[in-house]
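Presented below is the structure to which this report refers.
Numbers restart at 1 for each chain; the letters A, B, ... are given by sequence-line order, proteins then strands.
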Protein chains: 2
Amino acid sequence: MEKKEEFMEAAFEQAREALAAGEVPVGCVFVYRDKVIARGRNSVNETHNATRHAEMNCVDGTLVWCRERGEDHCAVFRNVSVYVTVEPCGMCADALGQLGVSDLVFGCSNDRFGGCGSVVDVPKLYGHQYAIEKGVRAGDAVHLLKEFYKGENPNAPTDKAKRKT
Amino acid sequence: MEKKEEFMEAAFEQAREALAAGEVPVGCVFVYRDKVIARGRNSVNETHNATRHAEMNCVDGTLVWCRERGEDHCAVFRNVSVYVTVEPCGMCADALGQLGVSDLVFGCSNDRFGGCGSVVDVPKLYGHQYAIEKGVRAGDAVHLLKEFYKGENPNAPTDKAKRKT
């Protein structure tokens, strides 16, 4: 398996774990020097915290990784490649820029909250320098999202359903 | 003292604490039913985490407050007024929208990273509904930022100095 596919598959593992836990199925890994150093998935419902997206959980994981190895976090973040199954939201897109990551590969676009062009182009507006590749296994990412929303209560108020994404 | 002034002063207490700790001096409080329920300040250097802005730290504090009192976090966030000494960045501006807070009062604008109109108007672009009042004690907020940057190493590389904000 090509490296990129291997990393995206690792992100999908996280997304499937999110789905099994009743979370919006988004998974992410941070890759440094060709190795996965942090894995994260959406944990918004579990934590009751709307900001605990897969990417943000990977930030915490990366810091643990740096601490355990005495690595300089600035140098590490600058060389991190982010693999995430769904386009980051505006919050995460700006966070990745502030962290100074090297590049971002994502699966499907997010027409409701996407921060990398679909709704707002945060990296462009802020001049963030990370490279972006989109559409890697987009179909699989959409399939997982559909699985999740299929299980949702169709009677739930629209704005509540929205909040979960 | 008027309530609003009291809450902003509580945010300034946090900002001064950040300055004393060698952090970019930004302070924040979350107010619910006319009471401060969470206090936060920038802790980026201390945590090595570029996403630990004052507002994000208040999110965690609010969740602790909710847990300790058995309060529904969704209902609480929807009625939170955010007081912060400096305009939120794009990440925080979007996070506040996703949390669904009621309104935002901030001090000075942030010409480099402001996400509420100065660089990017995140709430407008995403259709976030929170009300915004700006310019409350803006001069005091700028003064604190100047105090911080006065103490910075003038020989530090520009992009490193930038990262700290």
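By the criterion of side-chain heavy atoms lying less than 4.5 angstrom apart, applied directly or through intervening Ile, Leu, Val, Met, Phe, Trp or Tyr residues, B/Ile37 is grouped together with B/Val105 in one hydrophobic cluster. Both B/Val84 and B/Val76 are assigned to one and the same hydrophobic cluster, defined by single-linkage of ILVMFWY side chains at heavy-atom distances under 4.5 Å. Linking ILVMFWY side-chain heavy atoms closer than 4.5 Å, directly or via other members, places A/Val26 and A/Leu99 in a single hydrophobic cluster. Hydrophobic cluster membership is shared by A/Leu144 and A/Val136, with clusters built from Ile, Leu, Val, Met, Phe, Trp and Tyr side chains linked at under 4.5 angstrom. A single hydrophobic cluster is seen to contain both A/Leu104 and A/Val36, as judged by linkage of ILVMFWY side chains at heavy-atom distances under 4.5 Å, directly or through other members.
At most 12 non-hydrogen atoms from other residues, nucleotides or ligands lie less than 6.0 angstrom from CZ of A/Arg33.
With rounding to the nearest 0.5 angstrom, the SG atom of A/Cys92 is 7.5 Å from the CD atom of B/Gln98. If you take CG on A/Leu63 and OG1 on B/Thr51, they are separated by 8.0 Å, rounding to the nearest 0.5 Å.
Neither the backbone nor the side chain of A/Thr62 comes within contact range of chain B; no heavy atom of the residue lies under 4.5 Å from a heavy atom of that chain. Interface residue A/His48: backbone and side-chain heavy atoms are both found under 4.5 Å from chain B. For a residue to count as touching a neighbouring chain, one of its non-hydrogen atoms must lie under 4.5 Å from one of that chain's; by this rule A/Cys66 does not touch chain B.
The heavy-atom pair separating B/Tyr126 from A/Phe113 by the smallest distance is OH-O, 3.0 Å.
Looking at A/Asp121, A/Val119, A/Leu125, A/Val122 one by one, the single match for side chain to side chain contact (heavy atoms under 4.5 Å, CB included) with B/Leu125 turns out to be A/Leu125.
Considering only heavy-atom pairs separated by less than 4.5 Å from chain A, the leading option among B/Asp94, B/Leu96, B/Asn49 is B/Asp94.
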